[in-house]
Amino acid sequence: MPPYDCMFLFKPHIRKEAVMDLVVRVGKHVYRRNGVVTDVKSLGTVQLGYGVKKLDGRYYQGLLMQLSMMATPEINKELHYLNKEDRLLRWLLVKQRNINFGFEFLGDDGRFELSKFSQTSNLDDEDEDEDDEEYEVNEEETK
């Protein structure tokens, strides 16, 4: 099952209980279709770049929520009932691409391949110079 992120932009005056009710309803829908909800984040109130016009007015702020899940590809068609939801200003379903889980991180020999990840550079070049002095060996000591 591919991972998805579902973003919800709620009207700013909606109570938190109503917001969580809709998020739980979507989570139960995913669960009934053998999917898994992996994360729920509230990103707080956001100022919109333009007003979103609805039947009850124009909104310049909204409450943003993110629901991460792993579901079947048909989930996009199944969530279109959210278009009729009056608590939402907008919703968006995004499929995450090029994400590997589980044994896909392992190499052929079963070891973790660190070469797939970028190496970080050492920012403390001055400390390396000081360390070299500590470990200098005199030629007289080795003889």
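Computed from heavy atoms alone, side chains included, the values below leave out hydrogens, waters and symmetry copies. Throughout, numbering of the chain's residues begins at 1 and tracks the sequence. All figures in this text were calculated on a predicted structure; none of them were measured in a lab.
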### Query
Got a second to check how far Phe10's CZ is from Lys16's NZ, nearest 0.5 Å?
12.5 Å

### Task
Would you name the heavy atoms of Gly27 and Val37 that are closest together and state the gap between them?
CA-CG2, 3.8 Å

### Query
Between the side chains of Gln96 and Asp5, is a donor N or O closer than 3.5 angstrom to an acceptor N or O?
yes

### Task
Could you state whether Met65 and Trp91 fall into the same hydrophobic cluster, counting links through intermediate Ile, Leu, Val, Met, Phe, Trp or Tyr residues with side-chain heavy atoms under 4.5 angstrom apart?
yes

### Task
Please round to the nearest 0.5 Å and tell me the distance separating atom CE of Met70 and atom CG of Asn34.
13.0 Å

### Closest non-hydrogen atom pair, Val30 against Val36
CG1-N, 3.8 Å

### Query
Around Tyr81, counting heavy atoms of other residues, nucleotides and ligands shown, do more than 12 lie under 6.0 Å from its OH?
yes

### Task
Enter the distance from Cys6:SG to Asn76:CG here, rounded to the nearest 0.5 Å.
9.5 Å

### Over 12 foreign heavy atoms within 6.0 Å of CZ, Arg15
no

### Task
Kindly work out whether a path of hydrophobic side-chain contacts (I/L/V/M/F/W/Y, heavy atoms less than 4.5 Å apart) joins Val26 to Met20.
yes

### Task
Could you walk me through whether His29 and Met69 pass the side-chain contact (heavy atoms from CB on, under 4.5 Å) test, one step at a time?
CA-CA 11 Å; His29 181 88; Met69 61 185 141; over 6 Å; no

### Task
Please confirm whether the backbone N or O of Leu9 pairs with a side-chain atom of Arg90, one donor and one acceptor, at under 3.5 Å?
no

### Query
Is the closest side-chain heavy-atom distance between Val19 and Leu22 below 4.5 Å?
no

## Note on the structure
Tightest non-hydrogen contact, residues Gly62 and Leu48, listed as N-CG, 4.5 Å

### Query
Nearest 0.5 Å, what's the CD-CG distance between Gln66 and Leu92?
10.5 Å

### Message
Arg87 and side-chain contact (heavy atoms from CB on, under 4.5 Å): which single residue from Asp21, Leu82, Leu63 fits?
### Response
Asp21

### Summary
Taking every heavy atom of Gln61 against every heavy atom of Pro12, the minimum-distance pair comes out as O-CD, 3.3 Å

#### Entry: All salt bridge (charged side-chain N to carboxylate O under 4.0 Å, His left out) counterparts of Glu78, not counting sequence neighbours
Arg33

## Note on the structure
What one should report as the nearest heavy-atom pair of Thr72 and Met1 is N-SD, 4.0 Å

### Query
When the ring planes of Tyr59 and His13 are compared, do they come out parallel, tilted or perpendicular, using 30° and 60° as the limits?
parallel

### Task
Determine whether Val40 and Leu88 fall in the same hydrophobic cluster, where Ile, Leu, Val, Met, Phe, Trp and Tyr are linked whenever their side-chain heavy atoms lie under 4.5 Å apart.
yes

#### Entry: Minimum heavy-atom distance Tyr60-Gln47, with the two atoms named
O-NE2, 3.4 Å

### Task
Return yes when atom NZ of Lys54 has more than 12 non-hydrogen atoms of other residues, nucleotides or ligands closer than 6.0 Å, and no otherwise.
yes

### Task
Look at Lys11 together with Asp86 and state whether they make a salt bridge at an N to O cut-off of under 4.0 Å.
no

### Query
Do Ile75 and Tyr4 come close enough that some side-chain heavy atom pair is under 4.5 Å?
yes

### Message
Taking the side chain as everything from C-beta on, heavy atoms only, tell me whether Lys41 gets closer than 4.5 Å to Met7.
### Response
no

### Task
Give a yes or no on whether Val24 and Leu64 share a hydrophobic cluster (residues Ile, Leu, Val, Met, Phe, Trp, Tyr; joining criterion: side-chain heavy atoms under 4.5 Å apart).
no

